[in-house]
Peer 1: 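Take this structure first; my questions come after.
The first residue in the sequence is number 1, and the count goes up from there.
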Amino acid sequence: MVDVSGSLLPVIAVILVSGLAVQLLAHRLRVPSVIFYLAIGVVLGPEALGLVTLETFGEGLEIIVGLSVAIIVFEGAFALRFDRIRRASTVSLRLVTVSAVVMFVGTAAAVRVFTGGEWEIALLVGALLVATGPTVITPILNVVRVRDHVATALETEGIVNDVTAAIVAVVIFETLLLDDLGVPATVLSFLQRFGVGVAAGLLATAIIYLLLDSDIVPERDVQASQFLVLAAAIGSFAAAEAVAAEAGIAAAATSGILLGNLDIENREEIERFAENTTLVVLSFVFISLAALIDVEAILQLGLGAVALVLVIMLVLRPLGALIATAGVERFT
C-alpha cells in the first residue's frame with residue numbers, strides 16, 4: 001500500500017497524468033476513453049495499489065465531483081444549439097419522456113424481481129440508472145462518428161436525463177426512504193428543486209451575458225470571455241446547491257444551453273476552452289470514482305445482479321431506443 005496521507009499532491013498528479021495519458025491512447029486506438037478511465041481507477045484504488053481510497057479526499061471528493069459534473073454538463077449544454085435540437089426534436093423529446101419513464105419503471109421492476117429489494121430502493125436504483133449523462137456520451141461520440149441529428153438526440157438525452165435523474169434520485173431518497181412522505185410530496189420536492197436550478201441558471205446567464213456585452217470585457221479579450229462563461233457553470237451550480245441538493249446540475253444545464261444560444265463574442269474559442277476543460281475534469285471524475293469501486297461487494301450481489309444488468313442492457317435500453325425512433329425514418 002502506498003502511503004500518501006501527508007499530501008494530496010501526488011494523488012492528484014497521478015490521477016491527472018494518468019487521465020491525460022489514456023486519453024491520448026484512446027484517441028490513437030479509436031476506443032472510448034471511459035474504458036481506460038475505469039481500468040486506471042481500479043488499479044489506483046484499494047483493490048490494487050491503494051493510492052486512492054475513501055479517506056484520500058475526505059468530504060472534499062463530493063464537492064470536487066459536483067463541480068466537475070457541473071462543468072461537463074454545462075459544456076454539453078453550451079454546444080446544443082436550438083436549430084440542432086429541432087432537427088432531432090421528436091426523438092429527443094421521446095428519449096427524455098417516454099423512454100426515460102420506461103427505463104425508470106422497468107429498472108425498478110427488475111431490481112424488485114431479481115434482488116428482492118424494497119420498492120423504495122428499487123425506485124432509487126431506477127432513477128439513478130435513467131441517466132446516460134454527458135460524462136459517458138461525450139467520450140463515446142468523440143470516437144464513434146454518427147450523423148449530426150443522432151448525436152444531437154444522444155447529447156440532449158444525456159443532459160436532460162442527467163439533470164432529472166439526479167434530482168429524482170435525491171428526492172426519492174429523502175421523501176420516500178428517509179421520511180416516507182408519499183408520492184405527492186415527492187413530486188412537489190422534485191418541482192421545487194428543478195425550479196431552483198432553472199432560476200439559478202437564468203440568473204447566472206443574465207449576469208454573464210450583461211458582463212460580456214459591457215465595456216468591462218473588450219470584444220477581443222478571449223481569455224476573459226472564457227473565464228466568465230466558465231464562471232456561469234460554477235456560479236450557477238454553487239448558488240443552486242446552496243438552496244437545494246442536486247439543483248446545481250439543473251442550473252449548470254440551464255445556463256449552458258441559454259448562453260450557448262445567445263449571440264456572444266468569441267463563441268468558437270469559448271467552446272474549445274470548455275471542451276478542453278471538460279477533458280481534464282472528466283478524467284479526474286471517472287478515475288477517482290472508479291478507484292472507489294468495491295469489487296468484492298459487486299461479486300457478492302450474485303446472479304441476480306448479473307440478470308439485472310443483462311435486462312437493462314439487452315431489453316430496457318433497446319426498448320427505449322425503439323420507442324424513441326419509431327416512425328422516424330432518418331433514424332432507421
Peer 1: Do the side chains of N261 and R81 get nearer than 4.5 Å, heavy atoms only?
Peer 2: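 When only atoms from C-beta onward are counted, N261 and R81 do touch, with a gap below 4.5 Å.
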
Peer 1: Just by modelled atom types, is the G19 backbone N or O under 3.5 Å from a matching donor or acceptor in the S283 side chain?
Peer 2: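 A pair under 3.5 Å: no.
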
Peer 1: Please test S225 against L212 for side-chain contact (heavy atoms from CB on, under 4.5 Å), starting from the C-alpha separation and ending with a verdict.
Peer 2: CA-CA 7 Å; S225 300; L212 290 172; 3.9 Å; yes

Peer 1: Hey, could you give me the CD/CE distance between E157 and M103, rounded to the nearest 0.5 Å?
Peer 2: 9.5 Å

Peer 1: Any donor and acceptor pair, going by atom type alone, linking the side chain of R193 with main-chain N or O of A245 inside 3.5 Å?
Peer 2: yes

Peer 1: Below 4.5 Å, heavy atoms only, C-beta onward: do F114 and V306 meet side chain to side chain?
Peer 2: no

Peer 1: For the pair L16 and V280, evaluate side-chain contact (heavy atoms from CB on, under 4.5 Å) and give the outcome as yes or no after the intermediate values.
Peer 2: CA-CA 7 Å; L16 292 179; V280 176; 4.0 Å; yes

Peer 1: To the nearest 0.5 Å, what is the distance between CD1 (I287) and CG (L38)?
Peer 2: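 Answer for the CD1-CG pair, I287 versus L38, is 9.5 Å.
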
Peer 1: With side-chain contact (heavy atoms from CB on, under 4.5 Å) as the test, would you mind laying out the steps for L67 and V281 before giving the verdict?
Peer 2: CA-CA 9 Å; L67 289 174; V281 298; over 6 Å; no

Peer 1: So, for V52 and S288, which heavy atoms are closest and what is the spacing to 0.1 Å?
Peer 2: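 The answer is CG1-O, 4.3 Å.
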
Peer 1: Nearest 0.5 Å, what's the CG-CD1 distance between L211 and I264?
Peer 2: 12.0 Å

Peer 1: Taking all heavy atoms of V14 and all of L44, pick out the closest pair and write down the distance.
Peer 2: CG1-CD2, 3.8 Å

Peer 1: I'd like to check V96 versus T164 (side-chain heavy atoms, cut-off strictly below 4.5 Å). Are they in contact?
Peer 2: no

Peer 1: Is there a side-chain contact between F286 and L282 (heavy atoms, below 4.5 Å)?
Peer 2: yes

Peer 1: Decide whether L210 and I270 are clustered together by the hydrophobic rule: side chain heavy atoms of Ile, Leu, Val, Met, Phe, Trp, Tyr closer than 4.5 Å, transitively.
Peer 2: no

Peer 1: Is the shortest side-chain heavy-atom distance between L124 and V168 below 4.5 Å?
Peer 2: no

Peer 1: Is the side chain of S189 donor-acceptor paired with the backbone N or O of A185 at a distance under 3.5 Å, no angle test?
Peer 2: no

Peer 1: Would you find more than 12 non-hydrogen atoms of other residues, nucleotides or ligands less than 6.0 Å from F194 atom CZ?
Peer 2: no

Peer 1: Quick check on the hydrophobic clustering: are V31 and V42 connected, directly or via other members, by side-chain heavy-atom contacts under 4.5 Å?
Peer 2: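 No, V31 and V42 fall in different hydrophobic clusters.
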
Peer 1: How long is the span from the CG atom in L262 to the OG1 atom in T205, to the nearest 0.5 Å?
Peer 2: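 Rounded to the nearest 0.5 Å, the CG-OG1 separation comes to 7.0 Å.
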
Peer 1: Does E241 reach the side chain of F237, with side-chain heavy atoms less than 4.5 Å apart?
Peer 2: yes

Peer 1: For a quick test of reading the model, state the closest non-hydrogen atom pair linking A70 to A252 and the distance between them.
Peer 2: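 Minimum heavy-atom separation between A70 and A252: O-CB, 3.6 Å.
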
Peer 1: Taking the side chain as every heavy atom from C-beta outward, state whether Q23 and Y37 have any atom pair closer than 4.5 Å.
Peer 2: yes

Peer 1: What heavy-atom pair brings A232 and A204 nearest, and what distance separates the two atoms?
Peer 2: O-CB, 4.1 Å

Peer 1: Say whether I72 and L279 are linked into one hydrophobic cluster, either directly or through other cluster members, by side-chain heavy-atom distances under 4.5 angstrom.
Peer 2: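 Shared cluster, no.
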
Peer 1: Look at atom CD of E269 and say whether more than 12 heavy atoms of other residues, nucleotides or ligands are closer to it than 6.0 Å.
Peer 2: yes

Peer 1: Taking the side chain as everything from C-beta on, heavy atoms only, tell me whether V98 gets closer than 4.5 Å to V101.
Peer 2: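 Not touching, per the 4.5 Å side-chain cut-off.
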
Peer 1: Say you draw a straight line from CD1 of I167 to CZ of F190; how long is it, rounded to the nearest 0.5 Å?
Peer 2: 5.5 Å

Peer 1: Heavy atoms only: give me the nearest V11-L51 pair and the separation to one decimal.
Peer 2: CG2-O, 4.1 Å

Peer 1: Testing the basics here: between F74 and A233, what is the closest heavy-atom pair and its distance to 0.1 Å?
Peer 2: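 Scanning both residues, the minimum pair turns out to be CG-CB, 3.4 Å.
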
Peer 1: Any chance you could lay out the side-chain contact (heavy atoms from CB on, under 4.5 Å) test for V222 and F273, step after step, and finish with the verdict?
Peer 2: CA-CA 10 Å; V222 176; F273 174 73; over 6 Å; no

Peer 1: Should V130 and V315 be counted in the same cluster of Ile, Leu, Val, Met, Phe, Trp and Tyr side chains packed under 4.5 Å apart?
Peer 2: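 Same cluster.
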
Peer 1: Looking at I63, I'd like to know if its CD1 atom is crowded, meaning that more than 12 non-hydrogen atoms belonging to other residues, nucleotides or ligands lie closer than 6.0 Å.
Peer 2: no

Peer 1: Can V69 be reached from V34 by stepping across I, L, V, M, F, W or Y side chains whose heavy atoms are under 4.5 Å apart?
Peer 2: yes

Peer 1: Counting neighbours of CG on L303 that are heavy atoms of other residues, nucleotides or ligands and sit closer than 6.0 Å, is the number greater than 12?
Peer 2: no

Peer 1: More than 12 heavy atoms of other residues, nucleotides or ligands under 6.0 Å from CZ of R28: is that the case?
Peer 2: no

Peer 1: Taking R112's backbone N and O only, do any of them form a donor-acceptor pair with T115's side chain (distance below 3.5 Å, no angle check)?
Peer 2: no

Peer 1: Please round to the nearest 0.5 Å and tell me the distance separating atom OG of S18 and atom CG of L25.
Peer 2: 12.0 Å

